[in-house]
Each structure stands twice: as structure tokens, then as C-alpha cells.
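Being a predicted model, the structure only gives us computed values, none of them experimental. All heavy atoms count here, side chains included; hydrogens, waters and symmetry mates do not.
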Amino acid sequence: MESIWTAETEIRRREPLEGDLETSAVVIGAGLAGILTAYYLEQAGVPTVVLEADRMGRGQTKNTTAKITSQHGLVYDRLVQAFGHGMAKHYAQANEAAIKEYGRLISELEIDCDFVRCPAYLYSQEDAGLLKQEAETARKLGIMASFDTSSELPFSVAGAMKFENQARFQPLKFLEKIGEKVTVYEETKALKVERNQVMTDKGQVTAEYIVFASHFPFTNLPGYYFARMYQERSYVVALEGAGPLEGMYLGIDPGGLSFRPQGNLLLLGGGSHRTGLNKGGGKYEMLRSKAAGLYPGCQELAHWAAQDCVTLDGIPYIGRFSRREPNWYVATGFGKWGMTSAMASAHILTDLITEQDCPEADIFSPQRPFTAQAAKELAIHSGHTMKGLAKHVLPAGKGKVIPNCPHMGCRLEWNSDEDSYDCPCHGSRFDQEGRLLDGPAQTDCQRRKEFK
Ligand code: FES
């Protein structure tokens, strides 16, 4: 089912690329990160075009819950431990600046996109200690954070940590208006990138700077993003009659839920899992059962799922794609925090490309120091990949689709909540007919001869 954003927003269709083109910068991917990067590059005097394989905003931007916040789970204490106060502060500053910039831009361009300032909370029903500690660290990094033992949620909490002055909006209404300010070629699929050229199915684009903003980079080498990133899915139900809520909430306990108001609706989210590991299904049913318990009589108006790229240390990769290709840039690995990360990417990449000073770039650099947490996650990620690869030799069942992933060959797993084949290695997804839904794979699955 489609998200409430998609249901109420029609984005104007753009023509595909016709033949070859030369420009200063080309951005691959017309989601929020790609469009904002192109917008700020143009503002800085760098002629830029955007290539989109499908339609603008039809990737992950349409499935977000659109929380504009610097509160990204329990991140700050961990960042200080791993990278020190200075780099942790850069993370806080980049995200707080992103919130302010949304407000400024929306007001300057008079964009009607349901932008509302509101607080964001992390809550726990079990243990307040981590939240108290996180609030203290966040305050030291310059964020207006506080701790309380009560909340407006319909259950008691052990503690809640509040960030002031965060925001929410309707992401596709915003994207539609910003998208009018940039040149986008839709239904133009980037197939290959070589030095300063992007080969597409419609022509070739030559540019000094190339930005990969296509959610998960489809190029395996250089960069090795497939080895240092995986994808997660999470689920949302939009409820009517669930009562008013001022703030946005995320639970930090195992199985914790997300609450986010939108007009007279409440978006209730949860059920996160590594993409490719949801054979048993039941995620929507779990959310429906929680909704019925918390808000008796509420009505479900929509349900959908989001797909997020997760890096080994949980921090996005924003910056130079690889040391080997100094004019390639990347914005990926936003986790569940695509709104502020998209705006932070746009600013960091614009500063790097125009050679401006950008102290915040250090914490997001894809070439940043490798931490102990990253090493641990790498071992887990490699384990999943080895298992997925090993399984591809097992009998492939009798369905229409040969369930081996065209990206690197891992055995796909059935996702019964969404009737899709999902890859546990790097998160590519395919529908029941084997058609590609999400990369990094670039092609459909093979179908059995008898079903072709
Ligand atoms: Fe990489 Fe499937 S997404 S093998």
C-alpha cells in the first residue's frame, strides 16, 4: 500500500534525457538528498543536472515518516566515546543546522508542506539511565536536551529525553516545490560510471563532479559500500482517532515503537529488521494489535514500509566516494534519519565541491576512522553475506522466480508482509514476478523458463 504522502501528492512528470550532455555536476538519484544537493550546487553557481531511473521522489523519500530531527536514537554518547567531543559536536551541529535550514528555506520559498516545529523524544519503559546520560552529553554538544519521567504517551515511561525545536513536514510536498528549481531527467537509468562520465540507458552525461545519491550506491568498486552497509525495513500504520500528540517519539527498548502526529492522524511505526530476514512476517499485525491496545476504536487509513541503509558505525557516509576517484561524491547510509541527513548532505557536498571550509564533514567522511563498533558490525554483516552466498546453491523451489540476487548472487528470502523477495546480503528487493524494487541490484531476477 502507498504512504499517505504519495496518496496526496502528484509530482509533475519530467522528460527523460535525450542523447549526450555536458555539465559541471551530475547527481544520480532524485530523492530528497539528490534534489537538495542539486539545488544548493545551483545556488552556489555550479550547473547541475539530476538523473532519476524512475520518477522524482518514488524511492525512499515517499516512505519516510519525515521527522526532521537531530535526535537519532542514542547516538551522542556513543559518538563522543568513539570519535571524541569535537567530531561528535560536528554531527550535532550539522543536524541542528539542517533543521534550521528547512525552516528558513520553507519560509523563504513559501512552501506549503505542513512544516511544524515540535519536540522529539526518546523514551524507555525499562531504564532511564541511558536517556539521562544521553541528555547530558547532548547538552554538552550544544543541543537543547532535557530529561523527564513523564510523557504524553498512553502508557507510563521510566524516562523520556526531549530535544527542543525539532520539526516535521510533508516530504513530497516539499520535494515537489524544490524539484521545480532544478533540472531533472526522469526514467533515465545510470548504468555505469567511469571517471567523469555517467552512462545511462538514454545517453551519456559528462561532468566534472559526480554525486551518488541513489540510496544505495550501485557501483561496487571503488568504495566497497556493499561490504560496509546493509539495509533495514520498518513498518508504519497511519491511524485515525488515535488522539492528539504534540511530540514525536521513539522507543529505545527492544521492540520500541515510533509515534509521529500528522494532522489528525498518528503514524505508528516499528518492527524493524534486516532486509531479507522477515520470513515469518506479522509486522503489520503486530502494529495493528499495539494500535488496538493503545487506542481502542482507532481506524487504520494506510500502511507502508520504509527501507533504510545502515552503516557499520551508524553514521551516514557523506563526502568523497573513494580516494581513487577524487571527483566522485556520495550521500548514503542515513539510517532512519533521512530528512536531516539529506539536508546535511546537500550542504557538505556543496561545500566540498566548491572548496569551501566545512568542519562538519569530518564525522561523515566515508574515509573516517574505523571504530571498534564498526569492526563488530562488519563481522555480523560478513556473516549474513557468507550465509546468503552459501545458500544460493540450495534447491531454488518451484516458483516463477529463481531466487538468487542479481547483485552478487545471494539467496533471496520471501517477505510475507510485503509479498516480495528480499536479499539478506545488501537489501535488494524484487516483486513476485522478480521485478526489481530496490537496489543495489540493477536488474530483475531471472524467471524460470516455463513462466517467461
Ligand atoms: Fe547484494 Fe543481493 S543485494 S547480493
Side-chain angles (χ1 to χ4, degrees), residues 16-17 26-31 34 50-60 62-63 185-194 197-205 210 212-231 233 274-276 305 307-309 321 328 330 332 384-385 387-415 418-452:
L17 180 68
V26 55
V27 176
I28 302 169
V50 183
L51 305 176
E52 169 56 49
D54 186 359
R55 301 277 316 279
M56 190 194 306
R58 286 267 181 92
Q60 303 312 319
K62 70 182 188 312
N63 294 331
Y185 296 102
E186 293 186 331
E187 296 174 51
T188 300
K189 186 172 185 173
L191 302 172
K192 203 165 143 194
V193 183
E194 273 176 11
Q197 290 176 329
V198 181
M199 272 61 87
T200 80
D201 56 352
K202 305 288 188 319
Q204 187 171 295
V205 180
I210 296 172
F212 291 78
S214 56
H215 190 61
F216 199 123
F218 61 86
T219 302
N220 287 339
L221 300 177
Y224 296 91
Y225 288 93
F226 68 91
R228 47 200 188 118
M229 204 160 65
Y230 61 94
Q231 300 196 65
R233 289 193 79 68
R274 184 184 176 104
T275 301
Q307 169 114 328
D308 301 306
C309 289
F321 192 92
W328 293 11
V330 67
T332 187
H384 282 291
T385 306
K387 208 163 144 190
L389 284 169
K391 275 185 169 178
H392 91 282
V393 295
L394 296 175
K398 290 186 177 149
K400 292 178 187 171
V401 172
I402 300 175
N404 287 336
C405 182
H407 178 229
M408 292 175 76
C410 287
R411 174 55 53 91
L412 303 171
E413 301 282 351
W414 183 246
N415 178 351
E418 300 182 86
D419 290 345
S420 60
Y421 290 100
D422 298 356
C423 183
C425 289
H426 317 110
S428 293
R429 300 180 60 248
F430 308 86
D431 70 12
Q432 296 182 63
E433 307 295 324
R435 289 179 294 240
L436 180 66
L437 296 172
D438 292 306
Q442 284 193 286
T443 57
D444 297 343
C445 277
Q446 272 188 323
R447 284 165 64 96
R448 283 176 214 287
K449 273 198 196 111
E450 56 270 38
F451 293 105
K452 275 184 181 168

Asks: Does H215 offer a backbone N or O that forms a donor-acceptor pair with the side chain of T332 under 3.5 Å?
Replies: yes

Asks: Working note: V193 + I210, criterion side chain to side chain contact (heavy atoms under 4.5 Å, CB included); need CA distance, chi angles, decisive distance, verdict.
Replies: CA-CA 9 Å; V193 183; I210 296 172; 3.7 Å; yes

Asks: Using modelled atom types and a 3.5 Å cut-off, is there a donor and acceptor pairing between side-chain atoms of E418 and backbone atoms of S420?
Replies: no

Asks: Heavy atoms only: give me the nearest P440-F218 pair and the separation to one decimal.
Replies: O-CB, 4.0 Å

Asks: List the atom of R448, the atom of I402, and the distance in Å for their closest heavy-atom pair.
Replies: CG-CG1, 4.0 Å

Asks: Once salt bridge (Lys or Arg N to Asp or Glu O under 4.0 Å) is applied, what residue pairs with a partner in residues 399-409 remain, sequence neighbours excluded?
Replies: K400-E433

Asks: Would you call P16 and Y185 a side-chain contact if the rule is heavy atoms closer than 4.5 Å?
Replies: no

Asks: So which atom in A305 and which in R233 form the shortest heavy-atom distance, rounded to 0.1 Å?
Replies: CB-NH2, 3.4 Å

Asks: How many angstroms lie between CZ in F430 and CG in L436, if you round to the nearest 0.5 Å?
Replies: 5.5 Å

Asks: So which atom in R411 and which in P403 form the shortest heavy-atom distance, rounded to 0.1 Å?
Replies: CD-O, 3.1 Å

Asks: With respect to the side-chain SG atoms, do C425 and C410 come within less than 2.5 Å?
Replies: yes

Asks: Any side-chain heavy atom of Y224 sitting closer than 4.5 Å to one from P222?
Replies: no

Asks: Do F216 and S428 pass the side chain to side chain contact (heavy atoms under 4.5 Å, CB included) test, and can you show the C-alpha distance, the side-chain angles, and the key distance before you say yes or no?
Replies: CA-CA 9 Å; F216 199 123; S428 293; over 6 Å; no

Asks: Taking the six-membered ring of Y421 as reference, does the cationic atom of R429 (NZ for Lys, CZ for Arg) lie under 6.0 Å from its centre and within 45° of its axis?
Replies: no

Asks: So, taking the atom named CG in D201 and the one named CG in L191, what distance separates them when rounded to the nearest 0.5 Å?
Replies: 5.5 Å

Asks: Without swapping roles, check the side chain of K62 against the backbone of G31 for a donor-acceptor pair under 3.5 Å.
Replies: no

Asks: List for me each residue that meets ring pair (Phe, Tyr, Trp, His ring centres under 6.0 Å) alongside W328, sequence neighbours excluded, and say none if there are none.
Replies: F212, F321

Asks: One thing to verify: whether R435 and D444 come together as a salt bridge, which I'm taking to mean a side-chain N less than 4.0 angstrom from a carboxylate O.
Replies: no

Asks: Is the shortest heavy-atom distance from the side chain of L17 to the side chain of V205 under 4.5 Å?
Replies: yes

Asks: Does N415 reach the main-chain N or O of D422 with its side chain, forming a donor-acceptor pair under 3.5 Å?
Replies: no

Asks: What are the two closest heavy atoms between R274 and Y230, and how far apart are they?
Replies: NH1-CG, 3.5 Å

Asks: Strictly below 4.0 Å, N to O, side chains only: are K202 and E187 in salt-bridge contact?
Replies: no

Asks: Would you check, one step at a time, whether the test side chain to side chain contact (heavy atoms under 4.5 Å, CB included) holds for N220 with H407?
Replies: CA-CA 9 Å; N220 287 339; H407 178 229; 2.9 Å; yes

Asks: Answer yes when E194 and K192 have at least one side-chain N-carboxylate O distance shorter than 4.0 Å, and no when they do not.
Replies: yes

Asks: Here's one to test your reading of the geometry: is the NZ or CZ of R228 within 45 degrees of the ring axis of F226 and under 6.0 Å from its centre?
Replies: no

Asks: Go through Q231 and D438 one step at a time and tell me if the side-chain hydrogen bond (donor to acceptor under 3.5 Å, both in side chains) criterion holds.
Replies: CA-CA 10 Å; Q231 300 196 65; D438 292 306; over 6 Å; no

Asks: Work out which heavy atom in A190 is nearest to a heavy atom in I28; give both atom names and the distance.
Replies: CB-CG2, 3.9 Å

Asks: For T275 and Q307, test the side chains for any donor-to-acceptor distance below 3.5 angstrom and give the result as yes or no.
Replies: yes

Asks: Rounded at 0.5 Å granularity, tell me how far CG in L389 sits from SG in C405.
Replies: 9.5 Å

Asks: For the side chain of T219 and the backbone of P217, is there at least one donor-acceptor N/O pair under 3.5 Å apart?
Replies: no

Asks: Determine whether Q432 and V401 make a side-chain contact, defined as any pair of heavy atoms from C-beta on separated by less than 4.5 Å.
Replies: no

Asks: So, the side chain of T188 versus the backbone of L51: is there a donor-acceptor pair under 3.5 Å, distance only?
Replies: no

Asks: For E186, is there an ion pair with R58 - N to carboxylate O distance below 4.0 angstrom?
Replies: no

Asks: Side chain to side chain contact (heavy atoms under 4.5 Å, CB included), that's the test. Do C445 and N404 meet it? Break it down for me.
Replies: CA-CA 7 Å; C445 277; N404 287 336; over 6 Å; no

